[in-house]
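For ligands, and for the atoms within them, numbers begin at 1 and follow the listed sequence. All values reported here derive from a predicted model rather than from experimental measurement.
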Amino acid sequence: VHMTTNSTLQMAEFDKEAAKNASTFAHDGFGNATLKRLFKKIVNIGFAATNDSEQLKAISNLEADLTGIYSKGKVCLESKGCLQLEPGLTDIITNSRSYEELLAVWKGWRDASGKLMRTKYTDFVKAMNAAIKFSGFNDTGEYWRSWYETPTFEQDVRTLFEELEPLYVELHAYVRKRLKEKYGKDMFPETGHIPAHLFGNMWAQQWSNIYDLLVPFPGASSVDITAKMKEQNYNVTHMYRVAEDFFMSIGMEKMTDAFWQNSMLVKPTDRDVVCHASAWDFYDENDFRIKQCTSVTEDQLLTVHHEMGHIVYYQNYKHLPRLFRRGANPGFHEGMADIVSLSFQTPEHMKVIGLLDEVPQDSDSDINFLLKMALDKVAFLPFGYLIDQWRWSVFRGDTNSSNYNQHWWDLRCRFQGISSPVKRTEEDFDPGAKYHIPGNTPYIRYFVSFVVQFQWHEALCREAGNTRPLHRCDIYNNTNAGNKLREMLRMGSSKPWQDAMEAITGQRTMSAKPLVNYFDPLLKWLKEQNKEENTGWSASCPSSIPTP
Ligand SMILES: CC(=O)N[C@@H](CC(=O)O)C(=O)NC[C@H](CC1(C(=O)N[C@@H](Cc2ccc(O)cc2)C(=O)O)CCCC1)C(=O)O
Ligand SMILES: [Zn+2]
């Protein structure tokens, strides 16, 4: 913590000095748009603008304390001893089909993480809000939203969410029906909500781990990539080579030697590390790294492609001035990280890399595939949306320590249609059980990413001359698609994101239509399945909780 505080203070001193120098120029009046944009970025230094270094120390120390609590959290179970989040608790949440065992792990993790953070988080918010005022923002949320350079950004994401909600409601109703068959309908509240611990994920943010409970056509083909990877003796290095091969096939550069020398690709045995995967740009045009506790599974192979997608973005803007070496907006960086997975996961591509023997052409297999994709990409939408709805309301003071948890569950019940399987009070602090809250990583970027990646996929597949349905398109080996993508990547943050969007799609706005089009065949099937169902749920949380 001491080291971090010093380096934070040193960087703040540098940023302040640079900002002071830059503000001696009347840069607002500059003719050259690029120079004007560069000066604006030199002057816009966030928390570093404060004249009270105690606030900066508090921000850096509290973030270190909060992430320390998160990374040390463990749950002790009679049957399995004491387990940390990764890999122990995650393995149970992923694989257990026992209502009680899942509940013990779900509640235990929240007691061992979020519950211990509440007071520190309140101080953390206070320090950030006090410091950000020196940069002319009312609160930290306003500063974070400023990166999207769109005055109507909050309304825009709300509109996108509302356009996508009907698709989510149908998926939710189908999953609820199948989970009731598995766990018994008595365990489900009358209000239509689904208990939050049954989704194969600690935060119910993506549901593909319970695909086996939900398979639409068990007789038709379903790809189990993890089994195939193990069968073919995949090792960690090979996983990174497979991802590198995909990016090179569309014309991107290979990973640098420094990448292979300096990355941490497996969990070290000699020391504790933060296992939450991450990609790093050292801004020397050569040293790019991934830090990931990689294991040989399908989920991890997708994460490898995600982290390497960030690296490919770094490589494509390394020629720009450093202040422009970022995504056109944070959602674009995440969209670039995910875009390749839309091609990579197709049965067509699985056959190309030998992880699937035959490409099924029947419609049952198609529905199986689309459902599996929806369990990651559609299930995620309300979660990706609500994290920063909660945080923005905390930063602007509408939510405070007297109702942190109440507001969190109001949002979870309202937007995700899930409810807590045990009573929650203001002794709990469930937002803290999700890495990005103690880690202070903004989250709306992932909601934006899940929208724009489908806009880009549609445009790149058109560029590639794809004639298959969008959900079966694979841009592998297509340099036309790669060139189009690179046009956008090379802009970094030197232009407003609307210009970057136009470079790929010809549009200057975000649109939910490509995502809805992609899942259209599934939506028809889900509506058929849900004919007898009361789809949806009550806006507020259930008042009583069924107990096992
Ligand atoms: C120095 C630095 O900070 N670098 C940034 C990159 C940059 O900004 O340059 C960075 O490495 N951020 C880490 C973060 C890690 C992951 C994550 O946090 N994912 C979200 C949401 C999600 C879920 C499913 C999905 O398909 C896509 C996203 C979660 O797990 O909830 C965990 C594994 C996947 C991505 C990341 O890579 O985005
Ligand atoms: Zn990412």
Residue portion contacting ligand 1 (non-hydrogen atoms closer than 4.0 Å) for Thr441: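 Looking at Thr441 and ligand 1, no heavy atom falls under 4.0 Å.
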Residue, atom name and distance, where the atom is the protein heavy atom closest to [atom]:
atom	result
atom 8 (O) of ligand 1	Arg326 NH2, 3.1 Å
atom 13 (C) of ligand 1	Ala277 O, 3.3 Å
atom 24 (C) of ligand 1	Gln206 OE1, 3.1 Å
atom 4 (N) of ligand 1	Ala279 O, 2.9 Å
atom 14 (C) of ligand 1	Tyr446 OH, 3.5 Å
atom 16 (C) of ligand 1	His276 NE2, 3.9 Å
atom 26 (O) of ligand 1	Asp338 OD2, 3.4 Å
atom 33 (C) of ligand 1	Thr303 CG2, 3.7 Å

With Phe344, the side chain to side chain contact (heavy atoms under 4.5 Å, CB included) member among Ile339, Val352, Asp474, Ile353: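 Only one of Ile339, Val352, Asp474, Ile353 forms a side chain to side chain contact (heavy atoms under 4.5 Å, CB included) with Phe344, namely Ile353.
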Give yes or no for whether the N/O distance cutoff of 3.5 Å, strictly under, is met between [X] and ligand 1.
X	answer
Lys377	no
Trp280	no
Glu307	yes

Presence of salt bridge, Asp111 and Lys107, under 4.0 angstrom: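 Salt bridge between Lys107 and Asp111, a charged N being under 4.0 Å from a carboxylate O: yes.
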Lys/Arg-Asp/Glu bridge criterion (N-O < 4.0 Å) met for Asp287, Arg289: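 Here Asp287 pairs with Arg289 in a salt bridge, since their nearest N and O are under 4.0 Å apart.
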For [X] and [Y], I'd like to know if the aromatic rings sit close, meaning centre-to-centre distance below 6.0 Å.
X	Y	answer
Trp147	Tyr143	yes
Tyr317	Tyr313	yes
Phe429	Trp408	no
Phe454	Tyr518	yes
Trp392	Tyr443	no
Trp109	Tyr70	yes
Trp144	Phe395	yes
His276	His436	yes
Phe415	Tyr168	no
Phe324	His319	no

Considering the heavy atoms of [X], write down every atom of ligand 1 situated less than 4.0 Å from one of them.
X	result
Glu334	38 (O)
Lys434	29 (C), 30 (O), 31 (O)
Gln205	23 (C), 29 (C), 30 (O), 31 (O)
Ser278	11 (O)

The one among Trp203, Tyr443, Tyr313 that brings a heavy atom closest to atom 31 (O) of ligand 1: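 It is Tyr443 that holds the nearest heavy atom.
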Selected option - heavy-atom contact closest to atom 6 (C) of ligand 1, from Arg289, His310, Arg325: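 Residue with the shortest heavy-atom distance to the ligand atom: His310.
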Contact with ligand 1 for Tyr314, non-hydrogen, under 4.0 angstrom: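 True for this residue.
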Distance flag for atom 18 (O) of ligand 1, protein heavy atom under 4.0 Å: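 At least one protein heavy atom is under 4.0 Å away.
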N, O or S atom of Glu334 closer to the Zn ion (ligand 2) than 2.8 Å: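 Checking the Zn ion (ligand 2) against Glu334, an N, O or S atom does fall under 2.8 Å.
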N/O/S atom of His333 inside 2.8 Å of the Zn ion (ligand 2), strictly under: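 Of the N, O and S atoms in His333, none lies under 2.8 Å from the Zn ion (ligand 2), which means no.
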Flag if over 12 foreign heavy atoms under 6.0 Å of NZ, Lys41: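 Buried by this count: over 12 neighbours within 6.0 Å.
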Atom of His310 nearest the Zn ion (ligand 2) (restricted to N/O/S, atom name only):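 Going by distance to the Zn ion (ligand 2), the closest N, O or S atom in His310 is NE2.
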